[in-house]
Amino acid sequence: SLRERALHSDELGTYWHQAAGYMWHQTPIENHVWLIEAFTAMQAETSEIDGMRTWLLSQKRTTHWPTGRATADAIYALLMQGTDWTQTKNATIVVGTEKLETDEAHAGTGFVSKQWFGKEVSADMANITITNPNKGMAWGGAYLQYFEDIDKVKGQVTPLQLQKEIFVKKVTPKGEQLLPLSNRKLQIGDEVVIRLLLQVDRHMEFVHLKDERAAAFEPLDVLSGYNWRDNLGFYQSTKDASTEFFFAHLPKGNYVFEYSLRASHTGDFAAGLAKIQCLYAPEFAAHSKGVRVFVE
């Protein structure tokens with residue numbers, strides 16, 4: 001029955017859906033460790049045990065082990081069950097035609113980093129090859145920083161997917177309606193609704209969402225405070241040039257956030273980007289595409 005109900009992923013490992021809560025039996029880390037012990041007692045294949053241990057490490061990337069008992073249980077499962085992951089060799093990393101020196105990797109974690117600046121960056125660096133000689137997993141991230149007009153920035157496709165939509169609120173004989181801003185000019189005094197569509201493929205904690213505001217707009221809700229919507233709690237803060245959301249817990253799923261602005265200045269403006277990042281694991285980040293708004 002446990003095998004039939006298990007979920008399998010190359011990246012996340014083997015795991016089960018567990019209801020969140022505060023009861024004694026709603027402890028996902030401890031429950032997962034007990035399942036590892038059960039499969040070990042049933043003399044399951046080592047690969048099956050390793051898949052369950054992979055989930056423990058994958059979960060630790062974006063969330064924390066909440067208690068001392070959970071931490072002790074997780075470390076016990078990682079060290080005492082399955083394949084020995086403590087005896088490892090450094091991975092081979094080739095960026096373009098350059099092989100990175102991994103002999104000076106951080107002891108214990110194997111962490112290694114390399115930076116290139118200006119003319120050192122070439123087109124062939126878009127091809128990165130990583131060879132992992134170990135039975136365990138390895139993670140990494142590649143970041144490219146450059147300058148571009150904000151309205152020309154394209155969206156990203158990552159485990160975090162973020163879209164920004166802009167609507168104009170109009171009063172019609174049928175009542176209030178939200179009309180898409182595309183190919184539509186605003187008038188001073190128009191109420192604009194910003195809609196942020198967020199898709200998360202795994203549980204995350206300590207997540208920051210920042211939506212930059214066009215200079216033509218002024219927020220209607222200027223008070224910062226804690227909100228609870230659709231079983232999700234977050235702190236919303238209104239800044240001079242942005243509206244920000246802070247999540248202590250962001251479960252897997254799809255979310256919609258909306259807030260209203262008022263058009264107060266005429267002209268041609270960049271609407272700004274919406275950006276999100278998991279502060280616990282900075283490699284999990286995304287941003288929306290850039291757009292422009294016109295106010296008459």
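In this chain, residues are counted from 1 in sequence order.
In plain terms, the two heavy atoms of Cys278 and Thr62 that are nearest each other are SG-O, 4.1 Å. Shortest non-hydrogen contact noted between Asn132 and Ala91 is CA-CB, 4.3 Å. Contact between Ser264 and Ile188 at its shortest, heavy atoms only, is O-CD1, 3.9 Å. When all heavy atoms of Leu232 and Phe247 are compared, the pair lying nearest together is CD2-CE2, 3.9 Å. Across Ala44 and Arg3, no two heavy atoms sit closer than the pair CB-NH2, 3.9 Å. In plain terms, the two heavy atoms of Leu162 and Ala286 that are nearest each other are CD2-O, 4.5 Å.
Under the 3.5 Å distance criterion, the side-chain polar atoms of Arg213 are matched with a main-chain donor or acceptor of Asp240. Under a 3.5 Å cut-off, the side chain of Thr238 and the backbone N or O of Leu223 do not form any donor-acceptor pair. Here the side chain of Ser58 pairs a donor or acceptor atom with the backbone of Glu11 at under 3.5 angstrom. In this structure, Asn227 contributes its side chain and Phe234 its backbone to no donor-acceptor pair below 3.5 Å. At distances below 3.5 Å, at least one donor-acceptor pair connects side-chain atoms of Thr172 with backbone N or O atoms of Lys174.
When the side chain to side chain donor-acceptor pair (under 3.5 Å) test is applied to Glu296, the partners found at least two apart in sequence or on another chain are Gln187.
Heavy-atom neighbours of Lys60 NZ from other residues, nucleotides or ligands within 6.0 Å: above the threshold of 12. Residue-environment remark: CG (Asp268) exceeds the threshold of 12 foreign heavy atoms within 6.0 Å. Counted within 6.0 Å of CG on Asp10, heavy atoms from surrounding residues, nucleotides or ligands total 12 or fewer; the atom is thus considered open. Annotation: Met42, atom CE; neighbour count of heavy atoms from other residues, nucleotides and ligands within 6.0 Å is above 12. With a 6.0 Å radius and a threshold of 12 heavy atoms from other residues, nucleotides or ligands, Gln163 has its CD atom at or below the threshold. Residue Glu45 qualifies as open at atom CD: its count of foreign heavy atoms under 6.0 Å is 12 or below. For Phe111, the CZ atom counts as loosely surrounded, since its 6.0 Å shell holds 12 or fewer non-hydrogen atoms of other residues, nucleotides or ligands. By the 6.0 Å contact criterion, CD on Glu120 is enclosed, its count of non-hydrogen atoms from other residues, nucleotides or ligands being greater than 12.
In this structure, Ser9 and Trp55 have side chains that are not in contact, with every pair of non-hydrogen atoms separated by 4.5 Å or more. You'll find the side chain of Asp73 reaches within 4.5 Å of the side chain of Arg69, heavy atoms only. Side-chain contact check for Glu191 versus Glu176: every heavy-atom pair is 4.5 Å or farther apart. Put simply, the side chain of Lys114 does not reach to within 4.5 Å of the side chain of Val95, judged on heavy atoms. Put simply, the side chain of Thr67 reaches to within 4.5 Å of the side chain of Glu30, judged on heavy atoms. In this structure, Gln81 and Tyr76 have side chains that are in contact, with non-hydrogen atoms separated by less than 4.5 Å. The closest side-chain heavy-atom distance from Val293 to Val192 is not below 4.5 Å. Looking at heavy atoms from C-beta onward, Val112 lies in side-chain contact with Ile93 at the 4.5 angstrom threshold.
Linking ILVMFWY residues whenever their side-chain heavy atoms come closer than 4.5 Å, directly or via other members, leaves Val295 and Phe167 in distinct clusters. A continuous path of ILVMFWY side-chain contacts below 4.5 Å connects Ile128 to Met125, so both sit in one hydrophobic cluster. Hydrophobic clustering (side-chain heavy atoms under 4.5 Å, transitive across Ile, Leu, Val, Met, Phe, Trp, Tyr) keeps Tyr235 apart from Leu209. With hydrophobic clusters built from ILVMFWY side chains whose heavy atoms lie under 4.5 angstrom apart, Trp34 does not share a cluster with Leu56. Trp16 and Leu57 fall within a single hydrophobic cluster, where Ile, Leu, Val, Met, Phe, Trp and Tyr side chains are chained together by heavy-atom contacts under 4.5 Å.
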Q: Step by step, work out the side chain to side chain contact (heavy atoms under 4.5 Å, CB included) result for Leu197 and Asn254.
A: CA-CA 7 Å; Leu197 307 175; Asn254 299 325; over 6 Å; no

(Q) Could you walk me through whether Tyr259 and Asp221 satisfy the side chain to side chain contact (heavy atoms under 4.5 Å, CB included) test, starting with their C-alpha distance in whole Å, then the side-chain angles of each, then the deciding distance to 0.1 Å, before giving a yes or no? (A) CA-CA 8 Å; Tyr259 66 95; Asp221 186 5; over 6 Å; no

Q: Carefully, step by step, assess Asp211 and Lys164 under the rule salt bridge (Lys or Arg N to Asp or Glu O under 4.0 Å).
A: CA-CA 9 Å; Asp211 182 31; Lys164 179 178 180 178; 2.8 Å; yes

Q: Walk me through it: do Val256 and Leu196 pass the test side chain to side chain contact (heavy atoms under 4.5 Å, CB included)?
A: CA-CA 6 Å; Val256 179; Leu196 304 175; over 6 Å; no

Q: Give the intermediate values and the outcome of side chain to side chain contact (heavy atoms under 4.5 Å, CB included) for residues Leu250 and Leu198.
A: CA-CA 11 Å; Leu250 185 61; Leu198 175 62; 4.0 Å; yes

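Remark: Glu283 CD to Gln277 CD distance equals 9.0 Å, nearest 0.5 Å. Distance check, rounded to the nearest 0.5 Å: NZ of Lys135 to CG of Asp50 gives 8.5 Å. From Phe39, atom CZ reaches atom CD of Glu48 across 5.0 Å, with rounding to the nearest 0.5 Å. Interatomic distance, CD of Glu212 versus NZ of Lys239, reported as 14.0 Å (0.5 Å rounding). In this structure, Arg292 CZ and Leu181 CG are separated by 12.5 Å, a value rounded to the nearest 0.5 Å. Atoms CD and CG, from Glu218 and Leu220 in turn, are 9.5 Å apart once rounded to the nearest 0.5 Å.
Classification of Asp190 and Lys170 as a salt-bridged pair holds, one side-chain N sitting under 4.0 Å from a carboxylate O.
Of the candidates Leu279, Thr158, Val200, Leu160, Phe284 forms a side chain to side chain contact (heavy atoms under 4.5 Å, CB included) with just one, namely Leu160.
Applying the ring-ring contact (aromatic ring centres under 6.0 Å, His included) test to residues at least two apart or on different chains, the pairs with a partner in residues 198-229 are His64-Phe206, Phe206-Tyr280, His208-Phe246.
Aromatic ring pairs are classed by plane angle as parallel below 30°, tilted from 30° to 60° and perpendicular above 60°; the pair Tyr255 and Phe257 is parallel.
Defined by atom type and a distance below 3.5 Å, a donor-acceptor pair is present between the side-chain atoms of Trp116 and Glu98.
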